Engineer: 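Just dropping this structure here.
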Amino acid sequence: MAAAAAAADGAEEPGMEAEAQELPLSCGGAGGSPAAGRSPDGEERREPPQASVSNGGDEDGGRELVELKVIWNKNKYDVKFCLDSTGAELKQKIHSLTGLPPAMQKVMFKGLLPEEKTLREIKVTNGAKIMVVGSTINDVLAVNTPKEAAQQDVKAEENKKEPLCRQKQHRKVLDKGKPDDVMPSVKGVQERLPTVPLSGMYNKSGGKVRLTFKLEQDQLWIGTKERTEKLPMGSIKNVVSEPIEGHEDYHMMAFQLGPTEASYYWVYWVPTQYVDAIKDTVLGKWQYF
């Protein structure tokens, strides 16, 4: 009987070992088949696979994920991304979704998304909206080629004329002198647009004007005491500028809102370090700057 009991115990061991091997489940949904066993009558049975549901805080290979809503060009993408990945890595992911190269992306989350910091560091949470502004290379070539040609034509015409700052229509504004509250200028330097509106400048009527660049909405806001005009960047045909004689660290600048020069909106005393950034932003070249 002792031998029979030993034999019985020995017969149970393989079954117990097989059952223990079936317990571990895959965390990432990879490598693992449905649990299998045998019914009492010896027929093989399979358990149905279990579906995994993500709430945005799950892990992929030990990495914590966060659910994002990426919005670009009226398209919306639901994305799961590692919380400890950097802004530069997120740009690569956006590239795979949209075809928009990282160098041509303006990614916004509570301001411009820093490339060197992780999503955790900038406190990205589950369900956060990521705004993307930018055009594909083909779109840039299609849109900018006529704008560049128009800008060259304008420059050629300007070379034939007397300096803008000497023309009567502009002298009446410039003769008022530099505004006391205009933003400081830095000659010989090119800077990115500041995070605050450019303020303290004059418009053609001599009133105070400020420029606010709403990159996440792809708009330029021109604000005066009376009202604020919200202009889509794509509606602005051209941007021209010229240094002010005797004050070359400031420019006078015009935004062309229609087909002719009569549609120019003039702004005076623009700090020179922001001139190129303004042109590139409005005309769609900021991504190269």
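For this chain, numbers begin at 1 and follow the sequence in order. As the structure is a prediction and not an experimental result, all values here were calculated from the model.
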Engineer: M131 versus V70: any side-chain heavy-atom pair under 4.5 Å?
Structural biologist: no
Engineer: Of all the heavy-atom pairs spanning G258 and S263, show the shortest one and how long it is.
Structural biologist: N-OG, 2.7 Å
Engineer: My understanding is that only residues two or more places apart in sequence, or in another chain, count here; which of them pass side chain to side chain donor-acceptor pair (under 3.5 Å) with E229?
Structural biologist: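 Here the qualifying residues are R227.
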Engineer: For K93 and S96, which heavy atoms make the closest approach, and how far apart are they?
Structural biologist: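 That closest heavy-atom pairing would be O-OG, 2.5 Å.
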Engineer: For the CG atom of N238 and the NZ atom of K279, what is their distance to the nearest 0.5 Å?
Structural biologist: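 Those atoms lie 8.5 Å apart.
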Engineer: With sequence neighbours excluded, what pairs up with E245 under the salt bridge (Lys or Arg N to Asp or Glu O under 4.0 Å) test?
Structural biologist: R166
Engineer: Residues two or more places apart in sequence or in another chain: which of them pass side chain to side chain contact (heavy atoms under 4.5 Å, CB included) with T98?
Structural biologist: W72, Y77, I94, L100
Engineer: Please confirm whether the backbone N or O of E67 pairs with a side-chain atom of N126, one donor and one acceptor, at under 3.5 Å?
Structural biologist: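 Yes: the side chain of N126 pairs with the backbone of E67.
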Engineer: Of all residues at least two apart in sequence or in a different chain, which pass the side chain to side chain donor-acceptor pair (under 3.5 Å) check with K208?
Structural biologist: D181
Engineer: Between S185 and Q273, is there a side-chain heavy-atom distance shorter than 4.5 Å?
Structural biologist: yes
Engineer: With a 4.5 Å limit on heavy-atom distance, are the side chains of L174 and Y202 in contact?
Structural biologist: no
Engineer: Between atom CG of L65 and atom CZ of R63, what is the distance when rounded to the nearest 0.5 Å?
Structural biologist: 7.0 Å
Engineer: Return each pair, listed once, that meets ring-ring contact (aromatic ring centres under 6.0 Å, His included) where at least one residue sits in residues 223-263; pairs must be two or more places apart or across chains.
Structural biologist: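 Qualifying pairs, neighbours excluded: H247-W269, Y250-W269.
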Engineer: If you measure from OG1 on T212 to NZ on K230, what distance do you get to the nearest 0.5 Å?
Structural biologist: 10.5 Å
Engineer: Any side-chain heavy-atom pair from L119 and F81 closer than 4.5 angstrom?
Structural biologist: yes
Engineer: I want to check something: taking the side chain as every heavy atom from C-beta on, are W266 and M252 in contact at a cut-off of under 4.5 Å?
Structural biologist: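 W266 vs M252: side chains touch.
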Engineer: Taking ring pair (Phe, Tyr, Trp, His ring centres under 6.0 Å) as the definition, give me every residue that meets it alongside Y268, ordered by chain and number, with sequence neighbours left out.
Structural biologist: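 For Y268, the residues satisfying ring pair (Phe, Tyr, Trp, His ring centres under 6.0 Å) (neighbours in sequence not counted) are H170.
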Engineer: Hey, are the side chains of L215 and T281 touching, using non-hydrogen atoms and a 4.5 Å cut-off?
Structural biologist: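 Result yes, sub-4.5 Å side-chain heavy-atom pair found.
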Engineer: Side-chain contact test, heavy atoms from C-beta onward, threshold under 4.5 Å: evaluate it for L231 versus I222 and give yes or no.
Structural biologist: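 Yes; the side chains approach each other to less than 4.5 Å.
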Engineer: Is the shortest side-chain heavy-atom distance between K214 and L220 below 4.5 Å?
Structural biologist: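 No, side chains not in contact.
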Engineer: Where is the tightest heavy-atom contact between V209 and V267, given as atom of each residue plus distance?
Structural biologist: CG1-CG1, 3.9 Å
Engineer: Taking side chain to side chain donor-acceptor pair (under 3.5 Å) as the definition, give me every residue that meets it alongside R120, ordered by chain and number, with sequence neighbours left out.
Structural biologist: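 By the side chain to side chain donor-acceptor pair (under 3.5 Å) rule, R120 matches E64, D84.
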Engineer: Give a yes or no answer on whether the side chain of Q167 reaches the backbone of Q169 with a donor-acceptor pair at less than 3.5 Å.
Structural biologist: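 Not at all, since once roles are kept as given, no pair shorter than 3.5 Å links the two residues.
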Engineer: Who passes side chain to side chain contact (heavy atoms under 4.5 Å, CB included) against K91, sequence neighbours left out?
Structural biologist: P102, Q105, V107, E115
Engineer: To the closest 0.5 Å, what do you measure between CG (L97) and CD (Q92)?
Structural biologist: 11.5 Å
Engineer: Work out which heavy atom in C165 is nearest to a heavy atom in R171; give both atom names and the distance.
Structural biologist: O-NH1, 2.7 Å
Engineer: Checking K117 now: which residues fulfil side chain to side chain contact (heavy atoms under 4.5 Å, CB included) with it, not counting sequence neighbours?
Structural biologist: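 So K117 forms a side chain to side chain contact (heavy atoms under 4.5 Å, CB included) with P114, E121, I122.
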Engineer: Taking atom OH of Y274 and atom CG of L198, what is their separation to the nearest 0.5 Å?
Structural biologist: 6.5 Å
Engineer: I'd like to know if the side chain of N73 and the backbone of N75 have a donor-acceptor N/O pair within less than 3.5 Å.
Structural biologist: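 No: the side chain of N73 does not pair with the backbone of N75.
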Engineer: Evaluate I130 against I71 for side chain to side chain contact (heavy atoms under 4.5 Å, CB included), listing each step before the verdict.
Structural biologist: CA-CA 6 Å; I130 306 295; I71 302 173; over 6 Å; no
Engineer: Applying side chain to side chain donor-acceptor pair (under 3.5 Å), name anything that partners Q219, two or more places apart in sequence or on another chain.
Structural biologist: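 Partners of Q219 under the side chain to side chain donor-acceptor pair (under 3.5 Å) test: W221.
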Engineer: Which pairs, with at least one residue in residues 193-204 and sequence neighbours excluded, count as a salt bridge (charged side-chain N to carboxylate O under 4.0 Å, His left out)?
Structural biologist: none
Engineer: Might you work through the side chain to side chain contact (heavy atoms under 4.5 Å, CB included) test for V239 and M253, ending with a clear yes or no?
Structural biologist: CA-CA 7 Å; V239 181; M253 176 176 287; 3.8 Å; yes
Engineer: Between atom CG of L112 and atom CD of E216, what is the distance when rounded to the nearest 0.5 Å?
Structural biologist: 10.5 Å
Engineer: Where is the tightest heavy-atom contact between T272 and V186, given as atom of each residue plus distance?
Structural biologist: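 It is CG2-O, 3.4 Å.
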Engineer: If every non-hydrogen atom of L257 is compared with every non-hydrogen atom of I236, which pair is closest and at what distance?
Structural biologist: CD2-CG1, 4.1 Å
Engineer: Applying side chain to side chain contact (heavy atoms under 4.5 Å, CB included), name anything that partners K69, two or more places apart in sequence or on another chain.
Structural biologist: D78, K129
Engineer: Hey, mind stepping through F109 and L68 against side chain to side chain contact (heavy atoms under 4.5 Å, CB included) and telling me if it holds?
Structural biologist: CA-CA 11 Å; F109 174 74; L68 308 174; over 6 Å; no
